[in-house]
Protein chains: 2
Amino acid sequence: MAKPEDNPKAILDLDRMVHEPARLAILTVLASAKEVAFLFLQRVTGLNKGNLSSHAQKLEAAGYLETVKAFQGRIPVTSFRITEEGRAALRLYHHQMRALLPKEGKP
Amino acid sequence: MAKPEDNPKAILDLDRMVHEPARLAILTVLASAKEVAFLFLQRVTGLNKGNLSSHAQKLEAAGYLETVKAFQGRIPVTSFRITEEGRAALRLYHHQMRALLPKEGKP
DNA sequence: TGAAACCAGTTTGTATTGCAAACTAGTTTT
DNA sequence: AAAACTAGTTTGCAATACAAACTGGTTTCA
């Protein structure tokens, strides 16, 4: 059976855009909802605004999410949606990572 | 049942010393053997010497591996072993990461 | 025998990050 | 109309990660 140590090079192929913990947290949340507001995302991830803002911008530049700017009454609200590309990247990441973990219950 | 998106903050608790792909590759290989030579490690991970050297030094500083310097005939050979601390950190990482992945075969 | 090529690994310089503090722009409160 | 608050962005700095250049020694071969 294939063990992770059989092909450690695969580890280096992980998509760093997804692998970075802050962004993985963001994508994980986005994957579970249609659209997520900035402040909600901030609260559930525990990121501060600056980091959330800049990581979101990187994910957007990578095409993994899109930003929706709107107003609720007169106050501005920014929300995010994961794109199909982002969802695919996250799925691929999950696959790769799963392949890399040893089977449950190994010594 | 607990889904990863229930607690995205946990993602930020991943041990970055282990999480970084080059180091994860190194630890993964070390975990499967008693002692591993520098050049062998370089070949199986695909890292260049510089990066392998510096990542190994970081892992050593973190207490996750130890370096063994020896001679084979008259040429110097550097080898590494994972420490118990390193093994524990890797196991913890596996646990955390597994908890974070969605169940296999989800839409 | 001595210059050239090679081996094993380290150090160095640079470019990219990730992070938090400071800032912007506007709104509500008092 | 000042003060305080809201929502988010930008900036500056510190910590990476990476590859190229280097070190110290060994073997080859002319």
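In the text below, chain A, chain B and the rest are named by the order of the sequence lines, each starting its count at 1.
Under the side chain to side chain donor-acceptor pair (under 3.5 Å) criterion, A:D13 pairs with no residue at all, not counting sequence neighbours. With sequence neighbours left out, B:Y93 forms a ring pair (Phe, Tyr, Trp, His ring centres under 6.0 Å) with B:H19.
Atoms CE (B:M17) and P (C:dG18) sit 16 Å apart, rounded to a whole Å. The CG-C1' distance, from A:L14 to D:dA17, rounds to 16 Å in whole Å. In this structure, A:F71 atom CZ and C:dA25 atom P are separated by 14 Å, rounded to whole Å. Rounded to a whole Å, the NZ atom of B:K69 is 12 Å from the C1' atom of D:dT23. Here the P atom of nucleotide D:dA17 and the CD1 atom of B:I26 are 10 Å apart, to the nearest Å. Look at CZ on B:R74: it is 15 Å from C1' on C:dA8, rounded to the nearest Å. Between the CG atom of A:D15 and the P atom of C:dT17 there is a distance of 12 Å, given to the nearest Å.
Side-chain proximity of B:I75 to the nucleotides D:dA7, D:dT27, D:dA17 is greatest for D:dT27. Nearest to the side chain of A:L39, among D:dA7, C:dG18, D:dC18, sits D:dA7.
Near DNA chain D, defined here as any heavy-atom distance below 4.0 Å, the residues from residues 45-60 of chain B are B:N48, B:G50, B:N51, B:H55, B:K58, listed numerically.
B:E66 and B:T83 share no side-chain donor-acceptor pair at under 3.5 Å.
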